[in-house]
Amino acid sequence: MASFSDDLDQFRSEVAAFIAEKCPQKLRDMPANERTICWGGKRFNFSCDEQRIWMENAAEVGLTAPRWPTEYGGAGLSRAQEKIFREEMAKANAPSPLESFGLWMLGPALLAFGTHEQKLKYLPEITNGRVRWCQGYSEPGAGSDLASVQTRAEDKGDHWVVNGSKIWTSYANKADWIFALVRTDREAPKHKGISFMLIDMEAEGVSTKPIKLISGASPFCETFFDNVTVPKTDDEGNSRIVGELNRGWDVAKHLLTHEREMIGGGGSGAAGGILGSRSLGAFIDTLDETLMDDPVIRSQTMELEIDTLAMGMTLERYKDMAKQGGVGHASAMLKYAGTELNKRRYEVLMSITGSEGVEWDGEHGSLAPEWLRTKANSIEGGTSEVMLDILSKRVLELPSS
Amino acid sequence: MASFSDDLDQFRSEVAAFIAEKCPQKLRDMPANERTICWGGKRFNFSCDEQRIWMENAAEVGLTAPRWPTEYGGAGLSRAQEKIFREEMAKANAPSPLESFGLWMLGPALLAFGTHEQKLKYLPEITNGRVRWCQGYSEPGAGSDLASVQTRAEDKGDHWVVNGSKIWTSYANKADWIFALVRTDREAPKHKGISFMLIDMEAEGVSTKPIKLISGASPFCETFFDNVTVPKTDDEGNSRIVGELNRGWDVAKHLLTHEREMIGGGGSGAAGGILGSRSLGAFIDTLDETLMDDPVIRSQTMELEIDTLAMGMTLERYKDMAKQGGVGHASAMLKYAGTELNKRRYEVLMSITGSEGVEWDGEHGSLAPEWLRTKANSIEGGTSEVMLDILSKRVLELPSS
Amino acid sequence: MVTSLVPTEDEVMLRDAARGFLQESSPVSAFRANRDAGRTYDSGLWKEMAQMGWTGVLLPEDAGGSDMGHRAAGILSEEMGEVLAASPFISTAVMAATALKGAANDRLTGIADGSSIYALAVDEGPKHAPLRTGLKAEKSGNAFRLSGRKVFVADGAAATRVLVLARTAGSPGEAEGLTLFDLDADRAGLSRSAKHTIDERDHAQLDFDAVEATGDDVVGEVDGGMAALATALKAGQAALSAELLGVSAGAFGMTTGYLKERKQFGRTIGSFQALQHRAAHLFSEIEITASAIANAGRMMDESPEDAEIAVSIAKARATQTAKLAVSEGVQMHGGIGMTDEFDMGFFMKRARVGAEWLGDYGYHAARVAAARSF
Amino acid sequence: MVTSLVPTEDEVMLRDAARGFLQESSPVSAFRANRDAGRTYDSGLWKEMAQMGWTGVLLPEDAGGSDMGHRAAGILSEEMGEVLAASPFISTAVMAATALKGAANDRLTGIADGSSIYALAVDEGPKHAPLRTGLKAEKSGNAFRLSGRKVFVADGAAATRVLVLARTAGSPGEAEGLTLFDLDADRAGLSRSAKHTIDERDHAQLDFDAVEATGDDVVGEVDGGMAALATALKAGQAALSAELLGVSAGAFGMTTGYLKERKQFGRTIGSFQALQHRAAHLFSEIEITASAIANAGRMMDESPEDAEIAVSIAKARATQTAKLAVSEGVQMHGGIGMTDEFDMGFFMKRARVGAEWLGDYGYHAARVAAARSF
């Protein structure tokens, strides 16, 4: 495994050279979109051979998980180094070598709550792109009330038997494993008695059904568990539960904070979607220039430009704060403000594109689904209302009723 | 006493002739402002003799209280007739002959809850402008929670002894009498045990202190009751309590609805103040015309123009609905939306006038106090929050927690 | 000053009847069935509307109409909006009927009996702008030859006839020199392509390739087409505003219903004060918009030539209120509101299309500003 | 890309020290006392600021300054805003110090030691518009003669010196032909009249009646005054934004404190979810604005020539956030918030004046749009 210099300037040249050499030019020439994201996993269809090569090359030096420790398959970089790595990838137009819920969520959970053995077993499978994970938190009918877990795991001595269903399990139909909240003690109070369990999606009794959204097809699924047997420990003696038995809520809460920051990022300058890396103003320039003569559109666009840039600064500031000791519950602000801002942005985009924007398959074909999809941003991963509750109670310390 | 025709066309010519004859020309030539309002009362200083003459002339035929029954000093007009009367006054530039809390609030309360004898005694004194009333609802520290009345009236056989204080008693320092909520049963639950009591401001132990607002001097006072003796019945045998003993809350609730509609009217087209009867757009025209090149100001102004006109239509619609059977708790909408709209309007006015608007005594000298004063509109007479509570619980019938 | 905005007894009866009929014949589930079957509207429903006199709501009795007026048309539109009933009502029974008021009776009877479906082809770009019309009608002898493109033509694919605004003189941006033609939708050289819009209704692009028209096809005066069209557009805008009010009320009704039923964190979610206040605010917005809708209908009935500001206030308010109602609707429903299985998304999508059709918020706000001289 | 927006250790120390000092020496009650006494600022406080090096925050050490930079000036301004400390800090220590950076040391030492109070006289109408300057400086030989009026001159009555922007060529609206003069406030022909503004601070109208100036009084180049002034204005806008963030935080702190104390309907009002959500929303707005303020300060320190967009984002956000904070502050306090006896009104009034000074929301929004090419 290559090791990188701690000196930032030197690191920058090393990593730039690495990208130049190891990320095939063909991949860097491809336009980035939803379908070119590399998710990895046993059943993943690489969009081209170069995608696989770049993933493997990056994984070899830990750069699929830049900040994870090297012993678990990461590159052990500092935040400053990671930033430089991402900057150099952007410069070289290199796509992210690997994305996955394993990298985003299960990894951080294991790093914080897993045993050394669990980390050794599960993390390298994630960083090298061999295993794809999905998340099983929400349940039909429970909505934001994540703690009202009904999916239950009955203790059968050396194994659990799991029954119930999860909703909003993104890409469950393509994932190899799921990390799920299950109730392991039905007598305990609501937030107790929940465990954070790792379940093989190939186990008998697991099935999935895709969910169609108002924006059209979606990666979301419903996932059903029908008498699924989950061994308490695997062949190497690793528990299938992360953290303590019946204390899965702690793990979940930890992860929710991560998720919030991720979704809040949607409000930053680099939102992707139809805008790509363009500003709203730049996008409008590509349309009819007389649009900006409308004072309503013009003032809304100016306001959004200001708020988007300020939100981007805030994300950076909070990341730096997190590095220096954490932001705690205030991260709920990022989720709330970022997703609400993104909704406003897309409302203006729809307004700007007028009757062309309302066509499913017109000139701005991806816009309408993206617009509708933004409406879910302020629901998934904790609704705006839940975020405001968290801020008022945990950050402002306003009294409960 | 003159009597008017029921035929609306004929009524219009009769009332136009009446105004032409009975409202002195000098009065009609005077510019209307806060200081030219005719409040009446024992200690009122008429701004000119013509003001007194017009009040007396109107009172003689009941037109100081157009819709009250003639036997109590009103003119017994229908709503359609009243509308015509007001239209003709506007045409002739005749000011309202009399305004008072007696006309707005005590009158309606007595008409709904008073005995025939109480009406005969108190109402004509109001319509002929001889007695000026003020209102004593709120108490220091109680805010919107009107039912938490602490001012108490102790039963001393043939009289009450009142102790406590009221706040936000408009013009208490100029009023002859006060109608006040007082606690007559301290054992009863919060909303019970309150009575609606009539108290002579000249009684010993009553004192007042004006309240200075952030907008400057105000008609509001604090009113103190220090062992004030209130006879249970007056010389003619009339009770000093309106409605039933300990049921004053019913009277208060009835009146609050009235007050709401009145304050909500602030959002209508005819808001008075610095705009007078001009639209926001027309006012801006009198200032620098390049202001409207700013898309932010322009779009805000357009939105306010639209909302103001729609609010005006809504007030008319609700008045007509009230006539046809009542609007019930939905009147809280008028109070909420009207006052919030007025606040937005004044924010734009302040923005439009820029550094001139922030001077206490500059070219737009009355603007800053008016702007600051609008902030109280959504507090007094029930806060916006209380209005929204009423709407959600009483109109939408959403559940209580 | 219009007559009271409170509904008359006749209007109350009309609303009750319309509501009863639509809830029976065209609940939102019917819209879903149409969508799933790829139908942009229900021709059976349209026939029933004709039988009830709805298609003739603005036509005189001697043309087979019921002559109920614009406020009545608004009440019908509002009720249709509340259940998302899709039909060419606004294009045909409101706009074409108004534009053709002075035309020969056979045109009108076709509207009244439901046999004609009209589409109004005005816009050529993504924003409503009648005066920007550039589609050319070149005069050759007594005839005209039309060439150009019209977009976002509501009911354009199903239409049997098309009212098309063309330029016979002047240049785009000018109000003069526009002529309105009433053409058979099958006329040679006219090709229509249906567009798949998010509201799953009929919107088409119309391409005119030297389409022949005669003087008989002209509605009103040559070069003076805006005279006939202006009132028709106002009528359509008033009715569409009413439909959007219905969309708002439909979404709001679903939402308050859900707030009263749904339990979370051990409580009915409607008991959360933050949601209560937002619902109450939305109620206020809907009430205020309802006044503007009623006023626009009244003005169109009583003084159509002065109705522009009333109509634009209505459309501006209705657009914003519907946007708020559907946004709050989805958000307060949470995840389920985002699923296609649930109806809320339909309201959101129709609200968006309705926001654009016949002029967006900014278009109408500018008209209000102009009418108020700023 | 600027350095991290998180404060450095030095900045944390500076903030703590400033907060400690101001809470002791200049709580809001001191502002009230000044107001009641008709004092627009506290000259004793100003001297103490000089002793602590605040007046020299942007000046080099050889001019007696502490050279802490713009981010530091922002931190000081923010802390002053939080307690409504009135002083000529922004006019003098921020704007004049920036404009005179290249000037003779005696000018700068006067600022650093607190003996000079500068006012910047730019605007001539109710809206901030430096280029619209029409005040004439006519050249006669080596001298100039200034005639015209400046309004809304902050600290203009107390000032010992005035920086005035005058037109030496061209016409109002043009960026060229403007010259910046540095004049003694007592110079013959210059009359100053104090205006009573709602924030009870020093704002004056300055009338120039053939005021004589020489070439020595010119700051920078004749006809090129905007070069020196532009950076000074940006510096002032950044600091004023920070002050407004402080005003927001001060009002918000009072409000959350009240929400935790005040009981109504038998409950602490801070337990009402509708108020909680509004408070949490306001918290979010303040946090986002805080990022923009920190970013503007960093940009002014690191790359002042590119700082325009950062400064305008800061001023636009700060203006809106302060407006929301004070509106919510008054509303959530209810009646007591409306009384003069209570401090909330002071925050509302200062926020309004701060919204206008050095460019309102629309002015800065337009600059952001221009910088983003639309």
Side-chain angles (χ1 to χ4, degrees), chain B residues 138 140-145 147-148 167-168 190 211-218 220 287-288 290-291 293-300 340 343 347 350-365 368-369 371-373 375-376 378-380 383-386 388-389 392 401, chain D residues 123 125-129 132 151-154 195-200 203 205 262-267 269 272-275 278 316 319 323 326-327 329-346 348-349 352-357 360-366 369:
Chain B
S138 302
S144 290
D145 192 1
S148 73
I167 197 167
W168 310 120
K190 191 169 161 186
I211 297 172
K212 190 177 171 196
L213 292 184
I214 61 175
S215 46
S218 85
F220 291 120
L287 306 176
D288 181 353
T290 63
L291 277 171
D293 297 341
D294 178 343
V296 176
I297 288 181
R298 185 168 182 82
S299 62
Q300 286 176 344
E340 294 294 335
K343 289 197 294 182
E347 285 293 338
M350 289 303 286
S351 172
I352 288 162
T353 52
S355 62
E356 288 172 359
V358 299
E359 289 181 29
W360 284 122
D361 44 15
E363 200 182 333
H364 311 294
W371 163 65
L372 289 162
R373 189 61 184 78
K375 305 298 180 189
S378 54
I379 295 169
E380 60 203 344
T383 62
S384 285
E385 290 76 17
V386 167
L388 292 170
D389 279 340
S392 55
S401 56
Chain D
D123 290 319
K127 285 284 174 187
H128 180 61
R132 282 219 221 166
V151 299
F152 199 41
V153 179
K195 297 289 177 180
H196 189 188
T197 50
I198 55 175
D199 65 345
E200 311 291 342
H203 292 97
Q205 175 179 309
R262 168 79 166 159
K263 285 199 167 56
Q264 224 175 3
F265 303 106
R267 287 166 58 179
I269 62 170
F272 285 104
Q273 197 199 27
L275 298 188
R278 281 158 54 188
T319 295
K323 179 171 154 183
V326 299
S327 300
V330 168
Q331 180 68 25
M332 290 194 192
H333 275 84
I336 190 152
M338 281 300 298
T339 60
D340 183 72
E341 243 181 298
F342 201 72
D343 294 335
M344 187 56 78
F346 294 153
M348 177 170 270
K349 292 163 184 173
R352 180 88 273 285
V353 175
E356 291 302 322
W357 191 30
D360 69 357
Y361 181 85
Y363 176 88
H364 288 285

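No experiment lies behind these values; they were computed from the predicted model shown.
Using a 4.5 Å cut-off between heavy atoms, D/Y361 touches chain B through its side chain atoms alone. Interface remark: B/S351 contributes backbone and side-chain atoms alike to the contact with chain D (heavy atom separation under 4.5 Å). Within the 4.5 angstrom heavy-atom criterion, only backbone atoms of B/A142 (N, CA, C, O) approach chain D. Only the backbone of D/I336 comes within less than 4.5 Å of a heavy atom of chain B; no side-chain atom from C-beta onward does. For D/E200, the part sitting under 4.5 Å from any heavy atom of chain B is the side chain, from C-beta outward, and nothing else. Residue contact with chain D, scored on non-hydrogen atoms closer than 4.5 Å, is absent for B/S218.
Distance alone, capped at 3.5 Å, places no donor-acceptor pair between the D/R352 side chain and the D/K323 backbone. A distance-only check finds a donor-acceptor pair linking the side chain of D/D123 to the backbone of D/A129 [under 3.5 Å]. Side-chain N or O atoms of B/K375 include none that pairs as donor or acceptor with a backbone N or O of D/G345 at under 3.5 Å.
Options D/M344, D/E341, D/R278 differ in how many heavy-atom pairs under 4.5 Å they form with chain B, and the most are formed by D/R278. Comparing B/E356, B/E363, B/K343 by how many heavy-atom pairs each has under 4.5 Å with chain D, the most go to B/E356. Heavy-atom pairs under 4.5 Å with chain B were tallied for D/K263, D/M338, D/H128, D/H333; the largest tally goes to D/M338. Interface check for chain D: of the options B/I379, B/D145, B/V296, B/I167, the most heavy-atom pairs under 4.5 Å are formed by B/D145. Chain B forms the most heavy-atom pairs under 4.5 Å with one residue out of D/A365, D/G362, D/A366, and that residue is D/G362. Looking only at heavy-atom pairs under 4.5 Å with chain D, the residue among B/L291, B/T353, B/I352, B/L372 that has the most is B/L372. Per-residue heavy-atom pair counts under 4.5 Å with chain D were compared for B/T383, B/V358, B/I297, and the maximum is reached by B/V358.
B/L287 places none of its side-chain heavy atoms less than 4.5 Å from the side chain of D/K127. With contacts defined as side-chain heavy-atom distances shorter than 4.5 Å, the pair D/E356/D/T197 does not qualify.
With values rounded to the nearest 0.5 angstrom, D/R267 atom CZ is found 4.0 Å from D/F272 atom CZ.
D/F152 pairs in a side-chain contact (heavy atoms from CB on, under 4.5 Å) with only one of the listed residues (D/K195, D/Q205, D/H203), which is D/H203.
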- Task: Using the side chain to side chain contact (heavy atoms under 4.5 Å, CB included) rule, take B/I211 and B/W168 through it: C-alpha gap first, then chi angles, then the decisive distance, then the call.
- Result: CA-CA 8 Å; B/I211 297 172; B/W168 310 120; 4.1 Å; yes
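By the neighbour-count criterion of 12 heavy atoms within 6.0 Å, atom CZ of D/R262 is densely surrounded, having more than that number from other residues, nucleotides or ligands.
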